[in-house]
Amino acid sequence: MNIKNNIINLRQSLPPTCLLVAVSKTQPPEKIKEAYAAGQRAFGENKAQEMLQKYEAMPNDINWHMIGHLQSNKVKYIVPFVYLIHSVDSFKLLEEINKQGKKINRIIPCLLQIHIAEEDTKFGFSPAEVEKLFQDDSLRELHHVKITGLMGMATFSQDKERVRKEFRGLKQLFEKLKTFDLPNHVEMKELSMGMSGDYEIAIQEGSTMVRVGSAIFGERVYP
Ligand SMILES: *Cc1c(COP(=O)(O)O)cnc(C)c1O
């Protein structure tokens, strides 16, 4: 794998408005440094402690994106520095992020993860739940989170039309939520969708952030 070329080629295939988040979970520092040398600054991790270790070891102009399921008791490890949490999958987690943000007087940027795939193993709010949440006053009291959009993962499938339909559904929800009367700290501008296998479809359906791991770094080796 030539990490640098992969990044350059990927960037060329993305619209300028779409951010490439290089998913570096399980990847060692040398590989992250190669990506960094190619100018990559947005990296995605799915475990709080691994992200903290890498944050401490890597250059400090990297923007760290949390993309994996986050347990409430791990939130405190990442709130001081995390750039964006893509994977807020419950109101309870949002409250904990708010609480930890308040403690250190920082507003934490978050996306709400929406369940769009058919598999029921994937975390997230249903479209109905998020609509209800946005009409609910309890959200208005969370002053230490800023919700800037939505994240979703399509079904892991070769069926491209199905994947497209799921992304399209998420985009429609995103557009619908924009029309709601939202508090100042909720703004629908980012749509995080697309991974190595489906980012091309995601871009066509309006993604503003793709999360790409194996197409940059090669297959992950789990320790
Ligand atoms: C691992 C992961 C990715 C990247 O997956 P690839 O198929 O390697 O590109 C993207 N999003 C989430 C939420 C992930 O956990």
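Numbering of ligands and ligand atoms starts at 1, following listing order.
Close to ligand 1: Arg220, with a non-hydrogen atom less than 4.0 angstrom away. For Asn46, the closest heavy-atom approach to ligand 1 does not fall below 4.0 Å.
A salt bridge links Lys178 with Glu175: the distance from a Lys NZ or Arg NE/NH1/NH2 to an Asp or Glu carboxylate oxygen falls below 4.0 Å. Under the 4.0 Å criterion applied to side-chain N and carboxylate O atoms, Glu30 and Lys33 are not assigned as salt-bridge partners.
Ring planes of Phe81 and Tyr55: parallel class, angle under 30° (limits at 30 and 60°). Using bins of under 30°, 30° to 60° and over 60° for the plane-to-plane angle, the ring pair Phe180/Phe134 lands in the perpendicular bin.
Shortest contact from atom 12 (C) of ligand 1 to any protein heavy atom: Ile67 CD1, 3.5 Å. In this structure, the protein non-hydrogen atom closest to atom 5 (O) of ligand 1 is Met195 CE, 3.5 Å. Protein heavy atom closest to atom 9 (O) of ligand 1, with residue, atom name and distance, is Ser196 OG, 2.5 Å. Looking only at heavy atoms of the protein, atom 2 (C) of ligand 1 is closest to Lys25 NZ, 2.6 Å.
Proximity to Arg211 (heavy-atom distance under 4.0 Å) selects the following atoms of ligand 1: 4 (C), 9 (O), 10 (C), 11 (N), 12 (C), 13 (C). Ligand-side atoms of ligand 1 in range of Val212: 9 (O), range being under 4.0 angstrom from any heavy atom.
Using a 3.5 Å distance cut-off with no hydrogens or angles, the side chains of Ser13 and Glu200 do not pair a donor with an acceptor.
Of the possible polar contacts, one joining the Thr208 side chain to the Leu191 backbone as a donor-acceptor pair under 3.5 Å is found. Although no hydrogens or angles enter the test, the distance criterion places no donor-acceptor pair under 3.5 Å between the side chain of His65 and the main chain of Ala42.
Ligand 1 has an N or O atom lying under 3.5 Å from an N or O atom of Gly213, backbone or side chain.
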